[in-house]
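Take a look at the structure below.
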Amino acid sequence: MHRYPGEIAGVRGPMPDPRPNEPAPSPRGLRPPSAQLDLPALEKEILALWEERGIEARALQTSQGAGSRESFVFYDGPPFATGLPHYGHLLAGTIKDVVPRFWTMRGRYVERRFGWDCHGLPIENLIENELGVHGRAEIEELGVPTFNAACRAGVLRYTAEWEVVVKRMGRWVDFVNDYKTMDASFMESVWWVFRQLWDKGLIYEGYRVQPVSPALGTPLSNFEVAQGPQEKDPVTKKEGHRRRQDPSLTVRFALEDEPGASLWAWTTTPWTLPSNLALAVHPEVEYVKVRLVDTGEVAYLEPGRLAEYQARGRVGATEELARLRGADLVGRPYAPLLPYFAEYRERDDGRRWAFKVVAATYVTTDSGTGIVHQAPAFGEDDYAVGLAEGLPLVNPLSLNGIFDESVADFAGLFAKDADKGIVERLRREGKVVDQDVIVHPYPHCYRTDQPLLYMAISTWFMNVERIRERLVELNREIRWVPEHVGVGRFGNWLENARDWNLSRNRYWGTPLPIWRCDRDPSEMVCVGSVAELEELAGLERGSLSDLHRETIDPITWPSKAGGTMRRIPEVFDCWFESGSMPYAQNHYPFDAAKKSYVEDNLPADFIAEGLDQTRGWFYTLHVLAGALFDRPAFRNVIVNGLILAADGKKMSKRLKNYPDPSHVIESYGADALRAYLISSQVVRAEPMRFGKSAEDTTGECVRDMVRVAILPLWNAYNFLATYAAADGWQPSAADLELRPSGDLDRWILSRVQGMVAEVIEEYESYALWNIVPAYLRLCDDLNNWYIRRGRRRYWRARGGDGAAADAAAERDKAEAYGTLFRALVTVATAMAPVIPFFSEVIYQRLMVDTGLASAESVHLAAFPEVDASLRDHALEEAVAHVRRTVAVAQALREKEGVAVRRPLPTLTVAVHTPDVAAALRHFEADVLGELNVKALALTHDDADLVTLKAKANFKSLGKRLGGKMKAVAAAIAALDQKALRSLGAGGRLEVEGEALTAEDVILVREPLAGQAVASDGDVTVMLDLAVTPALAREGLAREVINRVQNLRKQAGLEVSQRIILFASGAGEVAATLGDGAMRELIAGETLAIEVVVGEVPAAIGDRASDAIDGDAVELGLTLAFEDEGGDESDDDGEDDDDEGVSA
RNA sequence: CGGCCCGUAGCGCAGCGGUCAGAGCAUCCGUCUGAUAUGCGGAGGGUCGGAGGUUCAAUUCCUCCCGGGCCGACCA
């Protein structure tokens, strides 16, 4: 590429902005377009602008001016800050930003306090690993104060990074006035919530058999169990718990009422045998009593199971002595297998207590012996049976799985390690029937990989079942997006809700505020506030500033029974804390200033979290609000799904199957990422693959969003700014109210209103995924029709020269500018919640730089109101029809192989309604211009163009005809042209005895062979391909123009640089060049001030040779030196189409 | 094993009783210069996971099956 002298001086038109992204030097003008668009850089400028002008703070202000705004209540679910934010957080953050921004622009006050979840096992585990302490024993040895201090110090370690990412995404949220679940004020409110439940009698103590991680010394939630190591079953190929080898032990329990006979039972957990208290049989199942031929032993078991033992060669031949139902065995006493809890054999009154056969319907005959060993402390079913049978609850194990002194022989041993000794002892005592090894899936600890132990743990429950029905009712008041989560997943969960285990045997959490007498456990106090505790304990008022275990646990006071009141050791399930967030974030009800605020703001208008919160935050919020206030906790909720990597797998740092979020943001900008996320089905709780295809690991999908959602708006702005700059046009306040007279202008404003109405509806119904598509449709209308068709209106002379027709032309131009301006402002404003940065860029340039804005930011502006008076549905339909017609004709040109460059004489359009005819006539200039045809003909009679085929209109006929439908449909398909044409013309017809009108038949038009006809739906067009010599010549001229333009590009010219064109050609090309009108056409379109026909001088460097329709053409060009001034001298003044010949 | 969701074009997805099943990306073809080639226009591409059923009519509703996802249950 080379440059010409004089280029700079002669340059007109848009100048690249040397400092693309700097503030406008002088206000009141539209900033000229920049050469390049660096979106991330622009976004950072906007961030700085928001910061500098305090925009965010102002948007978050409680009141504006005199009157306080009505609240729109948003609750933010607290994340853990123990890791960095990932796409799931960015998605949730985007949803949580779009909705509040919308309502803020609608005049509501939206408080958006960020929350941090500080308590819970994740942080405890992290700290355990960092400190190198594992399990309760080690933590307690280290000391709770030390441990909790470490948790406190560690839990907020990533908050700064979070803040950076959240802000960079454009999310406005209050980090200063945030809440933390470990704040004393927050925790005190949690106590208050608990006390409310206590007073309502919704809290009780119970036992629950739970999986315990012995190494961690803590029960695990089901969620944690599910996180444990998984593997596929080699046979079924199903994912399940990791498989492990365990002993498979069958033992005999000697019946006390039948010497020499025993009951056989099977277990894979010998360590539970010391705690055996009963044997369970299914009352309906048939059992046998057999004698072993070899040994003479008499045993009871289920016959199918016996056969199985025998098949495996584990048991020899038997002789059947009797058959009986399980129910017949119930109540029979047996001797304790091991001596440790033999004292439970009988109650004080002498009645049999433990060590007897009980009935249980959960007993199956799939495995074991059909007789099930019961250790109520170690199995959920066992516990239930124990409860029903009134058995004692014995548990010789600590939470670390270590036997205590009650099982003296194995005291100090870990349960699984005791297996061996227990088996050995039983074998010695002749109580082992069979010993084997079993490989089975078994849950393991997600942290330590050790097998979990199930055991009964003392726990504190909230009685959810009692209020369950009311909770189900309250759920009906909630709008779930998508709906099915509310009725399905959440609704079903609610209907089956079980009592909520609120307590955890951990350290770093809100302590349960229950103090209990160490002598009389029934003496308890539930403390509902710090003040109350201080009073009970005789502490100075206000002396307690922290409520964690290290501070609270030492607080005691004398009990009525003469003992000491001590706090029970448990802390809350951290879900209880997040569920208390609506109250606790405002220190309810202790903060008098906010008391009514909290009450007035329940339920929240809006929350949004992931599908995984169904049983988490959604549930706990709902339960607590229902229990405390008999209200739902939220009115509207958007549930988002899981974001997967492009390959459909989970995002994995190790696999690197997804792009780094910050890299994506810094490549394409946060707006594009927001628009991408919000447009996907992931905002309807469905899983989403982050990528445009399985191979997209770089975030190409987001780049596409830049192309389709950002650039069109940018280009439209640039168009306006370019001509405004060249023309000296400036927007005025009146343009914002402009009611243009021209159809094109009225049309685009109508479309803009339609788009605004559409997005308002989507915002209001929380159907966020529909917003961007509606906007994209408008972008297409704006760029590919409105601006494209209106282009020449902006080129017109800047007043001045021929004053004749100029008053009208000036007015038209002003309306063109004003309309485009108004459209851009409206669209940018309506999209501000979704693309907050770019809409701000546009708004700043259009409104703030020009001094037109009353607000300093688009986000302080009011959301556009729909102005119904600007809508013209008929006009929108007319243009839609015109565009469709043009598209069909363009496809036809393509099919016929006639380039748009070659003018054709006539386009004939078959019209069937007056509306369509009027529309086409009305926009005739656009049709001619787009298609490069000289005339538009309309015909009502398309008999020459198409053959008609007919199909029955099932929709209208189906209901009426029912079973006769098939016959009628066949008859309709067989109708001839004449009948169809008469029907189409409004006639009536009788078929199979049924009267038909045009309504009942769908006409399908098929182009007749031999002509250039295309038909699509109700649009039929024909092109006249008969080209006159004059048209052919014009076509050739356009081919020449095309070659010259290519040459210009090849020569590296600016679009506005003038040239001198040298051209020669053979045959028809020569004739074209010899035609003065054609030369003028060529000159005008190629900005040639002169066309020199004849051999291209050898000195010309920029030259090209080609052939057009077989005739050679030689071209050369050189830069023309312009005389100064004559700014608009090239203006053609035409206004109908693009094809005008320059004057 | 249960609950909920999803299987539609090469890919990621709309549609969800009725007329030729749609847009986007990708592919292919055409087209550059008075805003945007990061553009514009066009074309090809589908047994709507499978099998039954209901219905005049099923991609759409029902049942079963297969495949995928999430959540949950069970494993004495």
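Below, all heavy atoms of this structure are taken into account, side chains as well, without hydrogens, waters or symmetry copies. Convention: sequence-line order gives letters A, B, ...; per-chain numbering from 1.
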Let me know, please, whether F719(A) or H373(A) comes out on the 5' side of the other along RNA chain B by nearest nucleotide.
F719(A)
Just call it for A887(A): base, sugar-phosphate, or nothing, with non-hydrogen atoms closer than 4.0 Å on any strand.
sugar-phosphate
Return the value, rounded to whole Å, for the distance between atom CD1 of I643(A) and atom C1' of G12(B).
14 Å
To the nearest Å, how far apart are N496(A) CG and C1(B) P?
20 Å
Between G12(B), C71(B), A35(B), which one does the side chain of R615(A) approach most closely?
C71(B)
Protein N or O to nucleotides 4-6 of chain B N or O, pairs below 3.5 Å:
| unit_1 | atom_1 | unit_2 | atom_2 | d |
| --- | --- | --- | --- | --- |
| C4(B) | O2 | R489(A) | NH2 | 3.2 |

With rounding to whole Å, what would you report as the distance between U8(B) and U47(B) at their C1' atoms?
12 Å
With S1015(A) via side chain to side chain donor-acceptor pair (under 3.5 Å) - residues at least two apart
T1020(A)
The criterion is side chain to side chain donor-acceptor pair (under 3.5 Å); which residues satisfy it with T267(A), sequence neighbours excluded?
T269(A)
Is the phosphate of C13(B) approached by R684(A) (side-chain N or O, under 4.0 Å from OP1 or OP2)?
no
Same-atom distance (C1') from G44(B) to C6(B), integer angstrom
29 Å
Measure from CD on Q613(A) to P on G72(B) and round the result to the nearest Å.
11 Å
Of the listed nucleotides G12(B), C40(B), A26(B), the one nearest the side chain of K692(A):
A26(B)
Taking the six-membered ring for Trp and the single ring otherwise, decide whether the centroids of F719(A) and Y794(A) are under 6.0 Å apart.
yes
Does R902(A) pair with E1039(A) as a salt bridge, N-O distance under 4.0 Å?
yes
Decide yes or no for W480(A) and N475(A): does some side-chain heavy atom of the first lie under 4.5 Å from some side-chain heavy atom of the second?
yes
Anti or syn - C40(B), cut at 90° from 0
anti
Here the distance between atom C1' of G72(B) and atom CZ of F490(A), to the nearest Å, is 15 Å
Euclidean distance for C1', C40(B) against C62(B) (whole angstrom):
48 Å
Rounded distance in Å between the C1' positions of C66(B) and G50(B)
7 Å
So if I take residues 777-784 of chain A and measure heavy-atom distances to RNA chain B, which residues fall below 4.0 Å?
N783(A), N784(A)
So W729(A) and Y817(A), would you call those rings parallel, tilted or perpendicular, with 30° and 60° as cut-offs?
parallel
What residues, two or more places apart in sequence or in another chain, satisfy side chain to side chain donor-acceptor pair (under 3.5 Å) together with Y619(A)?
none
Counting only Watson-Crick and G-U wobble pairs with both atom distances below 3.5 Å, the stems of 3 or more consecutive pairs that include RNA chain B are B:1-7 with B:66-72, B:27-31 with B:39-43, B:49-53 with B:61-65
Could you give the OH-to-C1' distance, from Y786(A) to U36(B), as a whole number of Å?
17 Å
Pairwise P distance for C61(B) and C48(B), with rounding to whole Å
15 Å
Side chain of T267(A): nearest nucleotide among C13(B), C25(B), A76(B)?
A76(B)
Quick one: pull up CD in E930(A) and CH2 in W785(A) and give me the separation to the nearest 0.5 Å.
4.5 Å
Looking only at atom P, what distance separates A58(B) and G18(B), rounded to whole Å?
11 Å
Check: W271(A) ring centroid to F378(A) ring centroid under 6.0 Å
yes
E686(A): side-chain contact (heavy atoms from CB on, under 4.5 Å) partners, not counting sequence neighbours
Q681(A), R684(A)
Among the candidates C13(B), A76(B), C70(B), find the nucleotide nearest to the side-chain atoms of T269(A).
A76(B)
Nucleic acid contacts - residues 890-898 of chain A versus RNA chain B, non-hydrogen atoms under 4.0 Å:
Q890(A), A891(A), E894(A)
What is the distance, rounded to the nearest whole Å, between atom CG of L273(A) and atom P of A76(B)?
13 Å
Between A21(B) and A9(B), how far apart are the two C1' atoms, rounded to whole Å?
11 Å
Can a side chain N or O of R703(A) be found less than 4.0 Å away from OP1 or OP2 on U38(B)?
no
Side-chain (R893(A)) to main-chain (A889(A)) donor-acceptor, under 3.5 angstrom:
no
So, using side-chain contact (heavy atoms from CB on, under 4.5 Å) as the criterion, who are the partners of I643(A) when residues are at least two apart?
Y87(A), L91(A), M651(A), L677(A), V682(A), M688(A), F690(A)
Roughly how far apart, to the nearest Å, are U60(B) and C16(B) at atom P?
13 Å
Would you kindly give the CD-to-C1' distance between E1039(A) and G30(B), to the nearest whole Å?
13 Å
Contacts of type side chain to side chain donor-acceptor pair (under 3.5 Å), residue T614(A), not counting sequence neighbours:
none
Does N784(A) have any side-chain contact (heavy atoms from CB on, under 4.5 Å) partners at least two apart in sequence or in another chain, and if so, which?
D780(A), R883(A)
What residues, two or more places apart in sequence or in another chain, satisfy side-chain contact (heavy atoms from CB on, under 4.5 Å) together with Y383(A)?
Y207(A), V209(A), L387(A), L393(A), A456(A)
Is the distance between the ring centroids of W493(A) and F618(A) less than 6.0 Å?
no
Rounded to the nearest angstrom, tell me the gap between atom CE in M705(A) and atom P in C13(B).
14 Å
